[in-house]
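Keep in mind that this is a model prediction, so the values were computed, not measured. Numbers for residues simply follow the sequence, beginning at 1.
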Amino acid sequence: MRVLSCIVTEHNLWLVLLAAFVCISGGWITLGLLQRAEKTQGLQRGGWIFLTAVAAGSSVWCTHFIAMLAYEVGAPVTFDPILTMASFLLAVAGSSVGFAVMLSRTPRLAPELGGAGVGLAIATMHYTGMMAYHVDGIVEWNQSYVISSVVLSVTLAAFAFNQAIRRPWRLAPQAALVLFVLAVVALHFTAMTAVSVTPLATDAGLADSYALRAMAVAVAGGGLLIIGTGVASYMIDERASRESIEKLQHMALNDLLTGLPNRCSFSDYLRGEMERAKEDGAKLAVIGIDLDRFKEINDLRGHKAGDQALKAIGRRLARLVKDGEFVARVGGDEFAAAKRFLNQSELLDFVARLEKTMFEPIRIDDFETVTGASIGVAVYPDDGIDQERLVSNADLAMYRAKADIGRAVCFYESRMDEAARARHTLAQDLRRAVELDQLELHYQVQTSVSTGEICGYEALARWNHPEHGQVPPSEFIPIAEESGTILMIGEWVLRTACRQAASWDRPYKIAVNLSPVQFAHADLAKLIHSILLETGLSPARLELEITESTIIADKSRTLHVLRQIRTLGVTIAIDDFGTGYSSLDTLRSFPFDKIKLDRSFMSEVERSIQAKAIVRAVLALGKSLEIPVLAEGVETNHQLEILRTEGCDEAQGFFLGRPKPVGQIFQPDHAADDGLGSSFSGRIPPVRMRRR
C-alpha cells in the first residue's frame, strides 16, 4: 500500500501517465529491435544490439527522470548534470552487454543471464540518477526496499527476455513487453518507497514547479525522439529487407535475361498443376521447346544478338499465355510450357499459338531472322504420372521433332522410349567395341582430276556389331560424340591408320577426320606426335581433316592446337567446305593445306546452275589462295568432266572407288566393267573416320 500511496499522493498523475507511455512504447521498440538483431550476424548484429540498447536505455532513463521530475517533496530540487548523463550512459552500456550475452546463446541460460544484466543496468541507472537528484532536505533510505527493488528489476527483466528470446508460447512477445515494463515500474516505485525526504525549506522550490514540468516534457520528447530514431531504423531496414527478399525471390524464380519463370519455377508450377489435375480429373500437357537456329545467330552476329533474340522470344511468349497456361525458360535456348486442359482442342490451340510465335521473324538491329523451334508434347496422365517421367517424355518428343525436318511439333509416343533405350544400349556396346576388336578401317581413294593418279586415301571407321551387323557411321559417330567414346575411338583410328599406312610400299597420303570433341578434351598435338613416333609414319604423309564447326566451337583454342599440329609437319584440310557459317573468315584465320568441297554441291552440279556457280567460285578461291581443292561425292563421269573443265585439283567419290578394307585397296578395281571409271582405266583404284 505504501508504493500505491506514493503514486497517488506524491506524483503528478499526468506526468506519471507520460512516464508510463514512454516506458511502454520504449519497451515495444526495444523488443522489436532485439528481434531484428537476433536475425543478423557479425558486425550487423553489433549495430542492431547498439540500437536496441539505445532504445532500451533512453526509454528507461526518460521514464525515471519524468517520474522524478513529477515527484513533489515540497523542497528545492536540482540535478547534477554529470551524474545525470552518467546514468543515461550506464543504462545504454549495461543494456548493450546484456543484449550481447542473451544473443550469444553460448551459456545455456544466456537469455536469462542477459535479461538479468539488463535489469541490473536499469537498477544502476536509477540509483545513479538518484545520486544526481539533489534536494534541500534530509534524505533517508530503507535498505530492505533498495534490495527488493534491485531483485525485482533483475528477476522481472530475466523473465521478460526469457519470453522474448525463447518464445515458449503464442503470447510470448506480449508477455515479454508486460514483464519488461513491470521490471522498470517495480524498480522505480519500490526504490522511491525506499527513500524518505524531510524538507529543510518548504517554499524555495515551488516557484520552479512549472519549469520542472516543462523539463519533464522536454525529456520525454528527447526520449521519444531517440526511440523514434530506432523505429525509423527498424522500418527502413524492414522495408529494405522485404524489398531485398522480394528481389532475391524474383531472381531465384525468374530468368534474368527474358524475365520468364526459370526451371525451378517451372518445376514448382508443374508439381502443383499435377496435383490439381489429379483432383479434378483433368489432363496436363508438358511441352518442351528448343530453338532450331539460335546457334547461327550467335555465330554470325555474336552473343549480344543472341541475347536480343531470346529477349524478343521471351516477350512474345509472355504475351501469348492465358489463364491456365505457363511458359518458362529452362536453359540456354530451351523453353518449356504447361497447360491444364479438358478438351484436346484446347491443347492443340495452345501448341498452334506456340508454333506460330516461334516461327515469327525477329528483327535484330539491321537484319531479320527466324529462329524456328522443335516442340515436343507429353500429356499427364497418359504419358507419365510423375513429373520427371513427364518432362523426359516431352524431351524425347522434342528431339524426335528436331530430327524430322518436315515437322516442328511432335507428340510423345511409347515407341520413342524403345528408340531411346536402343540408343543407350548401342552406346554401351560402343564402349567395348575397341576392346573387342569390332572396329575396322576402310579406305577411300583420292585421285588427281587432271592425271588420274592416286594422291592418297581417307580412313573411314566401320563397326561390325556382333548382333546388328554393320552399324552405319552416321548412327554410331553421333553416339560416340555424345557419350565421349569418340576420344577412345578417334585415338584408335589415328593410330591404326598411321600404322597401316606406314606398311604400304608406296608413300600415299592418309587422311583422318578429327571430331570437335577431340579438340575439347585431348592434348591432340602431343597425342599425334607420340603416334607418329610409335608407328614410324612420316608426318608429311598424314593429313588431318576438320570441319568449320570445330573451329567455331572454340576458335582461339582450335587455331592454337592446329598451329601446334602444323609444326609437326602434318597437313591440315578443311572438310565439308561451303556448309559452315563463316567459310571465308575461316580461311583467313588459318592457312589450310587443302579445301574439301562438300558432297552436297556435287550431287546438284549437273542440274543446278547455282551449285555449279558455287563449285566454280570455290575452285577460283582455292586458286587465288594457292590452296588445292578436293571435291567429295563424285558419282558420275559427267561430274568428273565438270571438275576437270573447271580446274579442280583432286576428287573423291563412289565413281572413283568405294571405301574398302586395307587388304583390298590395292587390288584391281572392276568398276570399269560396270561402265564406271573408264576414264581411269589402268589406274590403281580407290582409301576415311566419318558418318558415311
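With contacts defined as side-chain heavy-atom distances shorter than 4.5 Å, the pair I313/F335 qualifies.
Figure legend: R658 and F654 shown as a cation-pi pair, the cationic atom lying under 6.0 angstrom from the six-membered ring centre and within 45 degrees of its axis.
Between the side chains of T258 and D255, at least one donor N or O sits under 3.5 Å from an acceptor N or O. Q652 and E632 are not linked by any side-chain donor-acceptor pair at a separation below 3.5 angstrom, with hydrogens and angles left out of the test. Side-chain contact annotation: D598 with S600, donor-acceptor N/O pair under 3.5 Å present. Looking at T371 and D292, their side chains never bring a donor and an acceptor atom within 3.5 Å of each other.
Electrostatic pairing of R566 and D593 counts as a salt bridge here, judged by a charged N lying under 4.0 Å from a carboxylate O. Between R353 and D349, at least one side-chain nitrogen of the basic residue sits less than 4.0 Å from a carboxylate oxygen of the acidic one, meeting the salt-bridge criterion. Look at K339 and E346 and you find no salt bridge, because none of the NZ, NE, NH1 or NH2 atoms lies under 4.0 Å from a carboxylate O.
Note that CD of E325 and CG of L317 are 11.0 Å apart. Values are rounded to the nearest 0.5 Å. Between atom CZ of residue R340 and atom CG of residue L284 there is a gap of 8.0 Å, rounded to the nearest 0.5 Å. With rounding to the nearest 0.5 angstrom, the OH atom of Y412 is 10.5 Å from the CZ atom of R400.
Side chain of E275 to backbone of R271: no donor-acceptor contact under 3.5 angstrom is found.
Counted within 6.0 Å of CG on L625, heavy atoms from surrounding residues, nucleotides or ligands total more than 12; the atom is thus considered enclosed.
The side-chain contact (heavy atoms from CB on, under 4.5 Å) search around R316 returns R319, T357, E360, I362, not counting sequence neighbours.
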